Amino acid sequence: MAKNMKINITKTTTPKEKPTGTLGFGRNFTDHMFIMNYTEGTGWHDARIVPHGDLSFSPACAALHYGQETFEGMKAYRGRDGSCYLFRPEMNARRSNYSNSRVCIPEFPEADYIEAVKTLVTLDADWIPSAENSSLYIRPFFFADDPFLGVAVSKTYQFIIIMSPADAYFGAFEPVSIFVEDEYVRAVKGGTGRAKTGGNYAASHPALLRAQEHGCAQAMWLDGIERKYIEEVGTMNIFFKIDGKIVTPALNESILAGITRDSVLTLCRDFGLTVGERPLSIDELVEIADAGKLEEVFGTGTAVVVAPVNRLLYKGKEILVGDGNEGETSRRLYETLTSIQRGDFEDKFNWRVSL
Ligand code: COI
């Protein structure tokens, strides 16, 4: 534990109205947020929970200028009997430290990370929605806040957690189209692709706009050297069902190691499916689709959960997937994963953490 992990709690005196109806994603925020500061020499200190509200910092704040920041996405779920759960929070705590190390943000003790999330979720537990496709999206993030315009590793940081009751990222479980980006790249070997840092997402915006102009939900990234091998998609890792077998790009330095990706691989193996983590080129995928063997495509991620894909657009050519409907494997994975997360199915992999 950090030296000063005792969390000081100041409760709001003006609790907000909870949203009703469609929640969307990331628009409504709960009553409270967690904040902790880091100062060189002292370490992490002043853990506190305060009413959710605007922050105040210098316009010279390092993160605003040079992007020294990282974030995570995780969720809390409400079971049918009212119980509340987190899903594999230790994986987020670990990945957060990997991301932090990549942009020189000081390590944060993993036990404290989980403690901070648990304390905040418990305080705002009545914000965890109970509708089938909804959950409480939790956004922990770190940023450098030195008021200094020199390019340097900051000496001060903040760790903040905010929370938002949300539906799945794409709303209903319905197939989406994906644009295969062949000009811009997301990440290169030696870059920050494996870290969850905001700059990766800022640099992806031109491709997202191009995808949207073509009627697609997100862009699929190819590797940064040959623009040949499939890496991942906007906010998700990507899976293919080819001739009965599941294939996903093997992790490398430029692919984000998704926690949902890891869970889906485990579930696929548990279902008895053959799973391959390997390089897969876009040309091979086109040949597979032309031969009628591309049965399913689906994305995975904390925000999207499991999102079926029925169409890819590559260099003006449409690659159609299966019969155009959601596939049986993506539906089974979505239902199994969300049932484990909500406490409806046995937790045979010890993924749930009760609150
Ligand atoms: C998540 O799935 O939690 C993500 O980080 C995606 C986010 C950028 C919406």
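Since we're looking at a predicted model, the values are computed, not measured. Both counts, for ligands and for their atoms, begin at 1 and track the order of listing.
Protein heavy atom in closest approach to atom 3 (O) of ligand 1: Y137 OH, 2.6 Å. When only non-hydrogen protein atoms are considered, atom 8 (C) of ligand 1 lies nearest to Y201 CE2, 3.6 Å. Annotation: atom 7 (C) of ligand 1 to nearest protein heavy atom, R139 NH2, 3.8 Å. Among all non-hydrogen protein atoms, the one lying nearest atom 6 (C) of ligand 1 is T235 CB, 3.9 Å. Nearest protein heavy-atom contact of atom 2 (O) of ligand 1 is A303 N, 2.8 Å. Closest to atom 4 (C) of ligand 1 among all protein heavy atoms lies K196 NZ, 3.5 Å. The single protein non-hydrogen atom nearest to atom 9 (C) of ligand 1 is Y169 CE1, 3.7 Å, given as residue, atom name and distance.
Taking the six-membered ring for Trp and the full ring otherwise, the centers of Y38 and F159 sit at least 6.0 Å from each other. Aromatic pair F141/F71: ring centres not closer than 6.0 Å. Y334 has its ring centre less than 6.0 Å from the ring centre of F173.
Taken to the nearest 0.5 Å, the CE atom of M36 stands 8.0 Å off from the CD1 atom of I7.
Judged purely by distance below 3.5 Å, without hydrogens or angles, the side chains of K196 and Y201 pair a donor atom with an acceptor atom.
Those atoms of ligand 1 with a heavy atom of T302 less than 4.0 angstrom away are 1 (C), 2 (O), 3 (O). Short contacts between ligand 1 and F71, defined as distances under 4.0 Å to a heavy atom of the residue, involve ligand atoms 5 (O).
The only member of T302, V305, T235 that meets side chain to side chain contact (heavy atoms under 4.5 Å, CB included) when paired with Y169 is T235.
At least one cation-pi condition fails for R210 and F179: the charged atom is not both under 6.0 angstrom from the six-membered ring centre and inside a 45 degree cone around its axis.
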